[in-house]
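Here's the structure we're looking at; comments come further down.
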2 protein chains.
Amino acid sequence: MSELSIGVQPTGVGGRALSSRGLRTRRRLLEAAERVFAELGYHDASIVKITEAAGVGQGTFYLYFDGKKRIFDELVLDLNARVRRAMTEASSKGSTRAERELLGFGAFFRFTAEHPALYRIVRQAEFVSPAILQLHYERLTEGYVAGLRQAMAAGEVAQGDPEVLAWSLMGIGELVGMRWILWGGGTEMPERVFDELARILVRTIGARDLDP
Amino acid sequence: MSELSIGVQPTGVGGRALSSRGLRTRRRLLEAAERVFAELGYHDASIVKITEAAGVGQGTFYLYFDGKKRIFDELVLDLNARVRRAMTEASSKGSTRAERELLGFGAFFRFTAEHPALYRIVRQAEFVSPAILQLHYERLTEGYVAGLRQAMAAGEVAQGDPEVLAWSLMGIGELVGMRWILWGGGTEMPERVFDELARILVRTIGARDLDP
DNA sequence: CGTAGACCTGAATCGGGTCTCAGGTTTGGG
DNA sequence: CCCAAACCTGAGACCCGATTCAGGTCTACG
């Protein structure tokens with residue numbers, strides 16, 4: 001992970017500064033990689049296919065990334081940042097913890113429907129880049145734990161270790177999302193399922209009440 | 001999935017009947033594959049490495065399996081059957097649904113600690129063999145749903161769609177297991193975490209009570 | 001024993017992927 | 001308009017893995 005350009009201006013290999021043209025090409029490669037990895041998986045995704053999808057020559061790839069693993073890592077972190085942003089934004093609109101929770105889940109499901117790559121790529125990471133996978137989940141928990149701890153202090157949710165609860169909630173989101181979004185035809189989650197899930201979540205966090 | 005030998009006597013390719021010697025070699029390959037896939041992942045696991053680990057020649061592999069994907073599929077189904085057996089056995093010893101639930105989780109965690117391959121291999125399946133992945137999860141839910149429906153009818157757990165609840169519970173097991181067993185040094189789950197989890201699970205299923 | 005049939009072997013073939021490099025193209029500031 | 005720097009290209013060197021196959025080894029049974 002020594003040279004991942006996250007949060008800073010992207011560079012080429014060796015830290016070469018990029019012009020706007022270079023920046024555009026780099027982004028094109030990243031977007032093509034998201035499509036190709038999501039469709040074919042890490043193994044079958046080749047540099048050739050990624051460059052073809054991006055509409056650039058093979059050699060161009062190596063002006064921006066060290067290799068296949070490097071672009072993959074960056075993709076995971078990119079998706080991670082995007083899904084967290086979507087969830088945080090949505091949940092900030094709620095007034096009780098339970099409400100915030102449900103809004104966050106809704107955002108997660110919407111993101112998943114729009115970017116099935118999140119699942120497919122994250123699962124690949126188990127082997128391609130275990131450290132990145134861990135980072136992905138840990139970053140997701142971080143915000144979660146903070147919010148839950150606060151809600152516990154306020155007596156809004158059941159007392160307990162917020163970390164165990166946070167991972168439990170993530171697990172629920174992951175499998176329910178997989179079952180009804182990823183396998184459900186790639187569209188939205190049926191309202192019936194979401195309503196049922198809402199009842200389950202409220203119980204799981206031990207919320208005092210859904211409304212303030 | 002046309003020719004997976006599950007529940008029937010294993011054969012060689014083309015349905016060739018096997019002598020006890022052949023059966024032993026086949027099993028050796030399967031066990032070697034579990035180790036190699038778990039350690040290296042599908043991509044880096046090569047036939048050469050599997051046959052080396054099994055102590056047989058490369059050509060021998062093709063007397064028993066069509067190729068890499070075929071042995072992988074069989075491995076997933078094998079692990080699936082084993083983990084379900086472990087969970088069913090353990091949970092049958094409980095008297096309330098909540099108790100059965102906790103015993104099942106305990107068995108799942110123990111199995112995971114002993115066979116980290118379960119996680120690693122199942123996650124790979126996302127791409128290698130999506131249909132097999134789906135089968136794995138569906139088989140896990142099946143028994144679950146039946147048990148929950150019964151408990152709901154008996155008023156032992158909260159009313160609702162047992163399927164959504166089953167997937168939620170599996171999600172909790174999956175992520176908590178990943179966090180504290182797979183990443184926790186490969187040993188057991190800390191008692192503190194399991195106790196906390198027990199409280200969460202009881203809330204999630206909406207159990208009337210832990211004891212009868 | 002002797003042998004048919006099952007089993008085993010690993011070198012060789014074949015296909016496909018990564019990455020390099022010598023040379024062409026585009027861009028932007030002077 | 002001009003040129004240096006940045007950018008782009010794709011053929012090919014190189015590597016590695018899946019799969020085959022011609023020939024050797026084991027074993028049960030008559």
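Values reported hereafter were calculated over all heavy atoms of this structure, with side chains retained and with hydrogens, waters and symmetry mates removed.
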Under the rule for side-chain hydrogen bond (donor to acceptor under 3.5 Å, both in side chains), what residues qualify as partners of Asp161(A), not counting sequence neighbours?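 Asp161(A) satisfies side-chain hydrogen bond (donor to acceptor under 3.5 Å, both in side chains) with Arg192(B) once adjacent residues are dropped.
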Strand-adjacent residues in residues 53-63 of chain A, judged by heavy atoms under 4.0 Å from DNA chain D: Val56(A), Gly57(A), Gln58(A), Gly59(A), Thr60(A), Leu63(A)
If you apply the rule salt bridge (Lys or Arg N to Asp or Glu O under 4.0 Å), what do you find for Arg199(B) with Glu196(B), and how did you get there? CA-CA 5 Å; Arg199(B) 280 193 288 279; Glu196(B) 182 66 38; 2.9 Å; yes
Not counting sequence neighbours, list each pair that qualifies as a salt bridge (charged side-chain N to carboxylate O under 4.0 Å, His left out) and has a residue in residues 117-136 of chain A. Arg120(A)-Glu126(B), Arg123(A)-Glu174(A), Arg123(A)-Glu126(B), Arg123(A)-Glu174(B), Glu126(A)-Arg120(B), Glu126(A)-Arg123(B)
Euclidean distance, atom [atom1] of residue [X] to atom [atom2] of [N] [Å, nearest integer]:
X: Leu18(B); N: dG5(C); atom1: CG; atom2: C1'; answer: 14 Å
X: Lys68(A); N: dG16(C); atom1: NZ; atom2: C1'; answer: 11 Å
X: Phe65(A); N: dT20(C); atom1: CZ; atom2: C1'; answer: 18 Å
X: Arg24(B); N: dC8(C); atom1: CZ; atom2: C1'; answer: 13 Å
X: Arg70(A); N: dT18(C); atom1: CZ; atom2: P; answer: 16 Å
X: Lys49(A); N: dT18(C); atom1: NZ; atom2: P; answer: 9 Å
X: Ile47(A); N: dT20(C); atom1: CD1; atom2: P; answer: 11 Å
X: His43(A); N: dG16(C); atom1: NE2; atom2: C1'; answer: 10 Å

Show me the donor-acceptor pairs within less than 3.5 Å that the side chains of residues 37-45 of chain A make with the rest of the protein, sequence neighbours left out.
residue: Tyr42(A); atom: OH; partner: Lys69(A); partner atom: N; Å: 3.4
residue: His43(A); atom: ND1; partner: His43(B); partner atom: ND1; Å: 2.4

Could you give the start and end, 5' to 3', of the contact zone on DNA chain D for chain B, using atoms under 4.0 Å from its heavy atoms?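 Counting from the 5' end, contacts occupy dG17(D) to dC26(D).
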Can Arg84(A) and Glu142(A) be said to form a salt bridge (Lys or Arg N to Asp or Glu O under 4.0 Å), step by step? CA-CA 11 Å; Arg84(A) 281 189 300 138; Glu142(A) 270 169 28; 5.5 Å; no
Tyr119(B) (side chain) donor-acceptor with Thr112(B) (main chain) under 3.5 angstrom: no
Do Arg110(B) and Glu89(B) meet the salt-bridge criterion of a basic N to acidic O distance under 4.0 Å?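 So Glu89(B) does not pair with Arg110(B) through a salt bridge.
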Identify whether the distance between the nearest side-chain nitrogen and carboxylate oxygen of Glu31(B) and Arg28(B) falls below 4.0 Å.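 No, no charged N to carboxylate O under 4.0 Å.
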Residue list, side chain to side chain contact (heavy atoms under 4.5 Å, CB included) with Ala198(A), at least two apart or on another chain: Leu102(A)
Closer to the 5' end of DNA chain C via nearest nucleotide, is it Gly22(B) or Ser20(A)?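 This one resolves to Gly22(B).
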Taking any heavy-atom pair under 4.0 Å as a contact, classify Tyr64(B): base, sugar-phosphate, or nothing.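 Sugar-phosphate only.
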